[in-house]
Amino acid sequence: MASNSSSSRHQTARHRLSIIAGHLQRPADSDAALLAVDCKAQANKPNVSAGDRSEGRTVPRKRQEIMKWNGWGYSDSRFLFNKKGQAEFTGKRYRLSGMIIPGLKDWMESTFGANLQHKTQATPALNSSAVQPPTLNEVFVEELKSTGIPFSHEAEDRVFRGHGHCLHEIFALREGKIGRVPDMVVWPSCHNDVVKIVELACKHNVCLIPYGGGTSVSSALECPPEETRSIVSLDTSQMNRILWIDEKNLTAHVESGIVGQDLERLLNESGYCTGHEPDSMEFSSLGGWVATRASGMKKNIYGNIEDLVVHIKMVTPRGVIEKSCQGPRMSTGPDIHHFILGSEGTLGVVTEVTIKIRPIPEYQKYGSVVFPSFEQGVACLREVARQRCAPASIRLMDNEQFKFGHALKPQVSSIFTSFLDGLKKFYITKFKGFDPNRLCVATLLFEGDREKVLQHEKQVYDIAAKFGGLAAGEDNGQRGYMLTFVIAYLRDLGMDYYVIGESFETSVPWDRVLDICRNVKARIVQECKDKGVQFPPLSTCRVTQTYDAGACVYFYFAFNYRGLSDPVHVYEQVEHAAREEILANGGSLSHHHGVGKLRKEWMRETVSSVGMGMLKSVKDYVDPNNIFGNRNLL
Amino acid sequence: MANTDGGWDKANLQNEAEFMDILEDQRHCSDLRFAFRTFSPPPYKGGPTCSTPELNRAVLDSQYLRYVIQEVAVETGSSLEEVRDEADKTLQEMSQNLQLRFIRLMAFTFRKVFKRLFSAIYVNMEGLNALQQAAQEFPVILMPNHRSYIDFLVVSYILFTYDIPLPVIAAGIPLAGMKMVGEILRRSGAFFIRRAIGSDKLYWAVLSEYVRTIVKSGFAPLEFFVEGLRSRTLKSLPPKLGMMHMVLEPFFKGEVYDVTLLPISISYDRVLEESLLAHELLGVPKPRESTTGLLKASKVLQESYGRMHVNFGRPLSVRKLCEGKINRCQYNLLPRDLPQKPNAEAQACTSWLAHLIVRIQEEGSLTSPWSLMACVLLQVPATALTEQGLLFDQLTEKTLWLRKLALDCGAHLSWPEKVSDSEVMSSTILLHHSIVYRKAGCVYLVRADEPERKHPISPEEDVMRTAAAFLMLASYRNQCLHVFVRPALLALAISITKSTQRDEIFTCFCFLQEVFSYEFIFIPGRSTQDFEEACSLLEKCKAAHVSQWEVTVSDTGLEVLSFLQELLKPFIDSYQLMFRVLCEERDGSFTEKEFLPAVRSVATKLIISGKLQTYEALSSDVQKNVLSAMRRLGAVTKIKTSESLEYKVNKSAVRRNADMLAGRIPPQIVQAVPDARL
């Protein structure tokens with residue numbers, strides 16, 4: 001099917017890949033990565049050795065081989081201050097890799113009061129003795145062995161699957177503190193493996209926690225400390241094949257463990273894409289998206305995950321749940337997909353998903369607009385949403401974030417570029433009279449036919465002009481999207497210098513966007529002050545998605561914790577207060593991060609007691625013995 | 001809840017030493033130069049604000065007003081255009097038009113007038129500094145008490161002097177009707193509100209949207225008198241909640257991060273309108289506000305009025321105060337622009353805050369020597385004051401004793417320092433020559449001039465002659481009542497119950513709070529704290545011993561207790577009298593117009609016969625308060641008939657209250673009807 005490898009298709013694929021690499025900041029010159037590899041869809045043998053299967057895949061069973069155990073992302077990629085005191089980004093994977101970022105040091109010092117002299121050292125390597133010995137269910141292990149499904153109870157493997165990327169989780173790891181972690185890890189390689197594992201778990205009363213990409217920021221992967229049964233982490237990362245592509249209906253049937261970048265790359269090779277690009281797409285998995293109701297940056301064209309899935313297969317303690325056909329819409333009672341979407345691993349394991357695919361767009365263009373104030377920026381986004389002409393992505397950053405983005409500009413080699421930058425700045429602040437401490441910037445991404453993109457672009461810029469917006473170039477736009485992928489790496493750098501922070505999100509009706517942004521940011525500042533934080537925090541936001549009836553707002557919050565005895569506790573109090581503020585201002589509990597355990601205290605008021613009862617009764621029916629015992633959500 | 005009563009405690013007050021006389025400071029510079037000083041308040045951080053026409057446009061264009069206009073058009077059958085014009089007219093009538101030029105004019109005039117009227121205007125600088133800071137952060141609501149027309153622009157005058165953004169001020173519509181003056185006030189920042197809005201939906205909508213827009217946009221600090229009107233009795237009035245809710249709503253709905261409330265206590269040694277107020281209370285109608293009237297009144301400007309204290313309270317964060325008291329999520333499910341009746345929680349929170357502000361105003365006001373003297377004088381038999389006179393030395397001795405008691409009760413005195421006590425006493429009597437005079441070592445009450453008539457004056461006329469002076473005296477006593485009211489109610493409860501059981505006394509204390517809920521200001525839901533405060537004050541004065549179960553009177557405490565009981569006696573007597581009148585109503589229903597003269601005539605007779613000691617029963621204020629309290633307690637109901645409002649008496653309920661107040665039957669905790677004044 002996909003191996004209909006005409007050279008033109010490979011051409012498109014290559015083009016498409018370079019675009020993806022563009023906003024992933026991966027250098028687009030690695031030929032190996034660009035080769036369109038035939039899909040192994042027909043290779044449906046259950047027990048192929050892992051080595052064979054992971055060819056061209058990002059995530060190995062031993063994640064620690066390529067990824068940090070106590071920080072974000074690849075081991076080879078990180079920010080650091082070099083001997084000259086300049087910030088640089090290591091490795092070769094991203095566009096920013098190997099570059100000097102001259103503005104970052106000043107920005108960190110002035111924003112946080114951070115100081116290069118004050119450094120905290122993370123525990124360099126995992127000390128296995130700090131990890132509790134596993135509680136194993138011997139009979140379960142015995143029977144599992146007989147199935148031939150690979151598993152491990154090595155400390156490193158277990159620790160890696162006992163956390164997501166919440167601040168408190170990473171902070172604890174850096175301090176070498178390990179709490180309750182799974183007792184063993186299993187790597188099923190297909191749907192049938194999962195069926196077997198779940199059956200065994202039910203039979204021997206073992207607790208299962210599904211694990212996809214490990215990018216959770218809701219404490220969803222934390223093992224409930226009160227859990228006394230043996231906890232088995234079910235790592236789907238080896239279930240990563242595209243099983244088939246249906247070009248007539250434009251769908252692909254994919255195993256749930258595939259991570260975003262692999263899915264996109266493999267589809268590209270056939271000339272397709274899903275267009276689903278959450279910020280975590282390098283590491284997050286298809287199953288994870290389904291289980292948390294993920295949202296992608298380009299949802300305006302492609303839709304969110306619930307719009308993208310056509311069919312889901314999930315293994316539960318009661319058996320397998322799936323629909324009987326692939327009709328695009330059904331009126332058959334409540335959509336059972338919606339029990340699965342957002343179930344956060346409490347009901348079962350998503351094993352296979354049929355997802356919509358699209359031909360790779362012909363043309364892609366970044367853009368940016370500067371507004372004199374955030375208020376005008378929001379008004380513009382609202383108008384864009386009203387006219388339903390939002391580009392693939394449109395994001396509005398506030399003034400602080402604009403400055404942050406500015407600080408991340410890599411060193412420019414040519415005097416000409418820096419001269420141009422100076423000229424631009426002069427034009428905007430002096431000639432147009434924008435206040436540098438109030439202006440904000442919207443970043444845009446257009447996609448589609450070249451002609452339509454240009455037309456669309458004009459329409460959006462015309463609207464922007466009505467709200468005082470000035471086009472500010474493709475570069476600024478692209479750098480804005482880059483920020484998304486490197487921000488998580490930056491947090492690790494911050495933590496080296498006593499700065500801790502996190503992001504969180506919400507969705508809110510249009511008329512409340514400005515109020516919620518102002519109030520939540522102010523609340524963060526006030527709470528930090530009240531809780532004894534010695535330095536003013538960074539409290540910033542951006543509007544990242546537009547809908548007909550509202551928008552998704554993303555907050556970043558970080559502070560210098562020098563002088564605090566329990567910074568994580570202070571951090572959690574402030575985040576808690578910020579969430580209270582969000583809810584009091586008509587914001588939702590979450591737009592796409594999910595609830596996990598971090599936010600479940602607010603679930604009842606969010607969905608009402610009856611709503612809770614409904615969810616609870618589904619859980620009670622599907623999983624009466626709480627085999628899927630991660631205790632998220634409810 | 002105790003902790004959420006928020007940054008409110010006794011520390012709210014500044015020491016007298018920190019007060020600065022702003023007239024002293026200014027006597028050296030010319031009035032003109034002062035009026036033309038550069039005025040540069042620090043900018044508001046919430047963003048640039050708009051002009052007056054932009055503000056008005058925003059109000060008219062608001063979703064809220066458009067919605068109400070549509071509703072009203074449907075209800076009345078008029079066209080949208082007509083209703084819109086009506087709204088526009090209303091807004092024109094209401095809108096302020098603050099212009100710095102007029103503030104300068106006002107500053108110039110005021111300085112001239114103030115320097116003549118007052119020996120000093122004391123302002124606490126610390127409070128001003130805090131206000132200047134606060135005004136940059138969030139919308140500020142200036143909330144002065146209201147005792148005199150002078151209050152109206154004095155705050156603007158001070159803010160102009162110290163580079164703080166000038167407020168827009170809510171004023172009664174009669175002021176707008178004054179020729180010239182109305183326009184000057186408008187341009188000095190006043191906006192005008194009709195008195196009886198009733199159920200005029202469109203008017204409410206325009207007003208509330210106007211106020212909310214000012215708060216939301218941070219257009220200017222907003223000043224309003226939470227008591228609603230000038231207090232005729234110089235006592236705090238129960239707060240009005242409508243305006244209070246309008247300024248809180250933007251916070252409740254998340255449209256602003258916070259709102260800062262700033263209570264201001266203005267205290268006068270002598271109030272310009274003293275005699276006018278007393279006569280009003282006796283039923284002489286208040287002259288309509290008019291420019292000619294103002295000019296005629298210029299003879300009051302020849303007099304001296306002593307000192308004025310303007311105490312700027314600490315800025316209060318509504319956000320902090322409302323923590324745990326309001327669930328802002330309740331506004332999530334309706335568009336915030338649509339009219340929405342405040343729910344019980346929002347009403348309770350508004351009422352609580354409004355009462356809190358009034359209490360802080362009370363705490364922040366300064367008690368003058370004259371106010372203490374008034375307390376003493378009113379405890380002397382009336383005839384003694386009018387005929388024999390009170391020995392000056394006796395008055396001095398008793399006043400000084402009271403000064404100590406007041407200090408023990410936490411009062412803030414404006415007792416002049418560096419002057420001997422007898423000098424203070426003499427100069428105070430001189431200042432208040434309209435009420436008392438000193439002759440041959442004795443102090444007498446000033447009575448109105450005998451009318452030149454042939455026939456001898458009737459006893460009734462004689463009562464009225466004396467009454468005005470007594471009511472003036474009572475008003476000055478009222479200025480410091482808030483200092484003593486809690487321990488006094490406790491003293492009263494002890495004497496009524498004749499018990500030592502703490503819970504019995506507490507029940508009676510709560511009953512008294514209910515009965516006098518329109519007379520004195522108590523924060524709703526704080527009876528327990530009020531009681532404890534009263535207990536600890538009596539203990540501090542060594543008047544009582546309080547244990548977990550008992551409150552016992554100590555031997556040394558009789559003087560204090562009997563003073564406190566006597567202090568409230570005029571109220572008890574007046575209330576009992578009115579209860580009697582209510583019970584004697586023949587058909588059990590009456591209008592307010594019938595009630596007041598009835599009470600007055602009975603009271604006059606009793607005073608003549610010597611059976612009633614107090615003249616306060618003649619005050620229309622007390623009479624209205626009794627009616628309101630009885631309504632609240634369900635003993636009287638208001639019925640709307642075709643022509644007028646009628647009251648219907650539940651005689652047995654009134655009698656029960658009278659018996660409880662007299663200690664004939666044990667009081668019960670009464671379930672008051674919740675206020676529906678919002």
Side-chain angles (χ1 to χ4, degrees), chain A residues 371-379 382 398-399 433-435 437-440 468 506-527 529-530 539 541 549-550 553 576-589 602-608, chain B residues 3 6-7 43-50 54 58 62-64 66-67 133-134 136-139 212-213 215-218 248-260 315 317-338 340 345-346 349:
Chain A
F371 292 97
S373 71
F374 190 66
E375 288 75 8
Q376 272 156 299
V378 170
R382 205 284 161 259
D398 69 0
N399 184 263
F434 285 23
D435 178 349
N437 291 314
R438 284 181 62 80
L439 63 80
C440 73
T506 186
S507 57
V508 65
W510 274 115
D511 70 315
R512 289 174 173 271
V513 169
L514 277 178
D515 291 331
I516 208 171
C517 290
R518 179 200 337 103
N519 291 353
V520 172
K521 288 199 289 184
R523 178 76 180 262
I524 289 171
V525 173
Q526 189 193 319
E527 291 288 334
K529 205 166 138 196
D530 293 353
S539 172
C541 70
V553 180
H576 190 273
R579 183 57 63 180
E580 293 274 348
E581 191 64 33
I582 286 175
L583 297 176
N585 281 276
S588 65
L589 189 53
W602 291 288
M603 261 306 266
R604 186 171 295 275
E605 63 182 273
T606 300
V607 302
S608 81
Chain B
N3 62 331
Y44 180 60
K45 282 182 191 156
T49 53
C50 55
E54 280 166 352
S62 67
Q63 184 90 45
Y64 174 74
R66 275 187 294 174
Y67 183 88
Q133 287 302 313
Q136 297 170 41
E137 300 289 334
F138 304 116
R212 278 196 301 256
T213 310
V215 175
K216 276 193 282 191
S217 64
L248 294 177
E249 217 182 357
F251 167 73
F252 289 168
K253 289 184 172 176
E255 291 162 321
V256 292
Y257 179 72
D258 201 352
V259 171
T260 304
S317 154
V318 168
R319 176 177 275 267
K320 286 226 168 83
L321 287 170
C322 291
E323 227 173 273
K325 287 194 152 54
I326 191 98
N327 174 12
R328 286 179 289 150
C329 294
Q330 64 185 283
Y331 300 96
N332 285 354
L333 292 180
L334 268 182
R336 293 175 298 171
D337 299 324
L338 293 195
Q340 196 179 348
E345 185 193 53
C349 185

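Here is the naming used below: chain letters follow the sequence lines, and residue numbers restart at 1 for every chain.
Inter-residue side-chain proximity for R328(B) and E581(A) is flagged as met; some heavy-atom pair is nearer than 4.5 Å. Within the 4.5 Å cutoff, no side-chain heavy atoms of E605(A) are placed close to those of N327(B).
Of the atoms belonging to R523(A), heavy atoms from both backbone and side chain fall under 4.5 Å from chain B. Proximity to chain B is absent for every atom of D435(A), based on heavy atoms less than 4.5 angstrom apart.
Interface with chain A: from residues 331-338 of chain B, residues Y331(B), N332(B), R336(B) qualify, criterion being any non-hydrogen pair under 4.5 Å.
The only member of N519(A), N585(A), D515(A) that meets side-chain contact (heavy atoms from CB on, under 4.5 Å) when paired with Y257(B) is N519(A).
Contact count against chain B (heavy-atom pairs under 4.5 Å) is highest for A584(A) among S373(A), A584(A), G586(A).
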